[in-house]
**Q** 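Can you keep this structure in mind? I'll have questions shortly.
Positions are given from 1 along the sequence.
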Amino acid sequence: MTRHEGRLGALAEVDASAAELVDRMVALSVRGLPPGYANGEFVFTRRGKLGADGRWTAVPEGRSVRYSAIVALGVAPLPREAQRAALAGDLVGDLVGNLVRGLPGVTNLGDVALITWAAAEAGHEGLEQGLVRLAELEAGLRDGEPVYTVEAAWALAALVAAHRVRPGAELEKRMARARERLLTGLGDDRLYRHVIGPASWYRAHVGCFADQVYPLQALARLHAHTGDQAALRAAERVAGGICAAQGEHGQWWWHYDARTGGVVEGYPVYSVHQLSMAPMALLDLADAGGTSYMKEIALGLHWMTSRPEIDDELIIEELDLTWRKAARDDPKKIVRGVRAVATAINQGSRLGVLDRIYPPLAVDRECRPYELGWLLYAWLFSLPRDVTGGAR
């Protein structure tokens, strides 16, 4: 794909240099995935290691079902030869097949949802197995049991993707339940909380950036598929909230007060948010007929090449990866915890002295495969609109 096509072409019309960056990053992602792929699955991370010669290498560590499923989503839109390049000779069907075979041992709702979603978009015959396993885990949730917002969003996105390729009354009922859970989770708040249901008092009001992006994406996709106006209104509310809070230099901040949309704690700022997750959700909203936030997307992209926090490069061409984040030198996450408590007691309280004690000067030198997977998915996927409207 060239930058003159699809989403890259739309970005180029607004900001040519941002589109050139994305074009470069798509190619980097295809090259950067194989070093993290082994025996049909992806590693948890490639961790930077500084050698005696002063050069960095990236050492593979662990394994991750979740990240493997996200990469499957990202690789699915690629042509077959590009899939083989990204997967060290395999096709996306091979990766999805490996994930489906492992479903009986997967107990996390979000992981099963991602595998099901990937099976739907890859056109894999294991879709039915994913749907069955997802139903088993959903049935095991007790009434009123807390559910992580991200996992609830992935469940809805998976069901929408499955219903698009295999429509039926039972899937419609399941989509309706997942929709209701996600809309109820937003309630009257400006943004989403980390958990749908009861949570610890001192952080019950807090939601991270992922807690906004994935519901926004799922609700936009539901609207595009069914014309659900309530879903579109909720997606617009969340998109407007994160864009209003975006930093002056394009930063997509990390923790928010869901009640007001204010920033509780901005750092870390993650490369995957700037390059992939914010664009992915906001582009899905635009594809669904919602507001276009292309200027905000472009501003976030430019943070990757020019930022006030650190001088270190975050795009490492020689290793075909991006370093994970710019963060405070705060390994015990003191700032995050203190600000969560402070805002629980007094909305808007930020304790600015913490910015001087813990400035955002650290770089997390690792790269997880999902960061490259979401980048491909964000920029190579185009959301079809199955309907043109219709209130629910």
Side-chain angles (χ1 to χ4, degrees), residues 7-8 11 18 21-22 25-26 28-29 32 45 64 66-67 69-75 77 110 113-114 117-118 121 148-154 156-158 191-192 194 207-221 235 238-243 245-247 250-256 263 266-288 290 292-294 296-304 307 314-315 321-327 364 366-383:
R7 291 178 166 185
L8 286 174
L11 176 62
L21 171 63
V22 172
M25 294 305 304
V26 167
L28 179 147
S29 296
T45 196
S64 175
R66 174 169 296 189
Y67 296 164
I70 292 172
V71 172
L73 284 165
V75 171
L114 286 167
W117 184 1
E121 296 208 358
Y148 288 115
T149 300
V150 165
E151 295 180 6
W154 284 341
L156 178 58
L191 296 174
Y192 273 95
H194 188 56
C208 70
F209 189 70
D211 297 325
Q212 318 314 320
V213 165
Y214 295 121
L216 162 55
Q217 178 183 38
L219 293 167
R221 287 171 174 238
V238 174
I242 60 173
C243 288
Q246 186 181 24
Q251 299 98 329
W252 296 109
W253 301 122
W254 182 218
H255 276 179
Y256 302 85
V263 177
Y267 293 96
V269 176
Y270 289 85
S271 296
V272 67
H273 295 171
Q274 306 296 130
L275 289 167
S276 312
M277 286 168 54
M280 176 175 70
L282 295 172
L283 289 167
D284 277 359
L285 177 62
D287 283 355
S292 173
Y293 288 100
M294 196 64 81
E296 288 81 359
I297 290 171
L299 183 63
L301 291 167
H302 284 302
W303 183 89
M304 289 296 300
R307 70 203 72 79
L314 294 178
I315 300 171
L321 51 71
T322 58
W323 292 140
R324 182 166 165 76
K325 64 192 179 190
D364 184 358
E366 66 170 307
C367 182
R368 301 182 183 183
Y370 87 105
E371 299 167 13
L372 306 181
W374 275 148
L375 191 146
L376 294 174
Y377 195 61
W379 292 105
L380 301 184
F381 181 87
S382 291
L383 181 63

**Q** Under the salt bridge (Lys or Arg N to Asp or Glu O under 4.0 Å) definition, can you give me all pairs with a residue in residues 368-377, not counting sequence neighbours?
**A** Arg324-Glu371, Glu366-Arg368
**Q** So which heavy atom on Ala210 is nearest to which on Val150, and how close?
**A** O-CG2, 3.7 Å
**Q** If every non-hydrogen atom of Ala220 is compared with every non-hydrogen atom of Ala288, which pair is closest and at what distance?
**A** O-CB, 3.4 Å
**Q** Taking the side chain as every heavy atom from C-beta outward, state whether Tyr370 and Val71 have any pair of such atoms under 4.5 Å apart.
**A** no
**Q** Do you see a donor-acceptor pair shorter than 3.5 Å between the side chains of Tyr377 and Glu121?
**A** yes
**Q** So, Arg7 side chain and Ser382 main chain: donor-acceptor pair closer than 3.5 Å or not?
**A** no
**Q** How close do Lys325 and Pro268 get, heavy atom to heavy atom, and via which atoms?
**A** CD-CB, 3.6 Å
**Q** Go through the steps for Leu376 and Leu372 under the test side-chain contact (heavy atoms from CB on, under 4.5 Å), then give the verdict.
**A** CA-CA 6 Å; Leu376 294 174; Leu372 306 181; 5.9 Å; no
**Q** Applying side-chain contact (heavy atoms from CB on, under 4.5 Å) to Met294 and Leu283, what does each step give before you reach the verdict?
**A** CA-CA 8 Å; Met294 196 64 81; Leu283 289 167; 3.7 Å; yes
**Q** Can you name the nearest heavy-atom pair linking Ala69 to Ala118, along with the distance?
**A** O-CB, 4.0 Å
**Q** Once rounded to the nearest 0.5 Å, what's the spacing between atom CE of Met25 and atom CG of Leu301?
**A** 10.0 Å
**Q** Could you tell me which residues satisfy salt bridge (Lys or Arg N to Asp or Glu O under 4.0 Å) with Arg307, sequence neighbours excluded, listed by chain and number?
**A** none
**Q** Provide the closest heavy-atom pair for Tyr256 versus Ala245 in the form atom of the first, atom of the second, distance.
**A** CE2-CB, 3.9 Å
**Q** When rounded to the nearest 0.5 angstrom, what is the spacing between OH in Tyr192 and CD1 in Ile242?
**A** 12.5 Å
**Q** Is the shortest side-chain heavy-atom distance between Ile315 and Leu21 below 4.5 Å?
**A** yes
**Q** Would you mind reporting whether Met277 and Tyr214 have side-chain heavy atoms less than 4.5 Å apart?
**A** yes
**Q** Does any part of the side chain of His273, heavy atoms only, come nearer than 4.5 Å to the side chain of Trp254, both counted from C-beta?
**A** yes
**Q** Give a yes or no answer on whether the side chain of Gln251 reaches the backbone of Val269 with a donor-acceptor pair at less than 3.5 Å.
**A** no
**Q** Can you check whether His194's main-chain N or O pairs, donor with acceptor, with Thr149's side chain at less than 3.5 Å?
**A** yes
**Q** Trp374 vs Trp117 aromatic rings, parallel, tilted or perpendicular, using cut-offs 30° and 60°?
**A** tilted
**Q** With rounding to the nearest 0.5 angstrom, report the CG to CD1 distance, Leu375 to Ile70.
**A** 13.0 Å
**Q** Does the side chain of Val238 reach to within under 4.5 Å of the side chain of Leu219, using non-hydrogen atoms?
**A** no
**Q** How about Val26 and Val22: do any of their side-chain heavy atoms sit closer than 4.5 Å?
**A** yes
**Q** Report yes if the side chains of Leu191 and Asp211 come closer than 4.5 Å at any heavy-atom pair, otherwise no.
**A** no
**Q** To the nearest 0.5 Å, how far apart are CE in Met280 and CH2 in Trp379?
**A** 11.5 Å
**Q** For Tyr270, does its backbone N or O pair with a side-chain atom of Trp252 as donor and acceptor, under 3.5 Å?
**A** no
**Q** Identify, with sequence neighbours excluded, every residue that meets side-chain hydrogen bond (donor to acceptor under 3.5 Å, both in side chains) alongside Gln274.
**A** none
**Q** Check whether Ser292 reaches the backbone of Ala286 with its side chain - one donor and one acceptor, N or O, closer than 3.5 Å.
**A** no
**Q** Can you confirm whether Leu282 sits close enough to Leu216 that some side-chain heavy atom of one is under 4.5 Å from a side-chain heavy atom of the other?
**A** yes
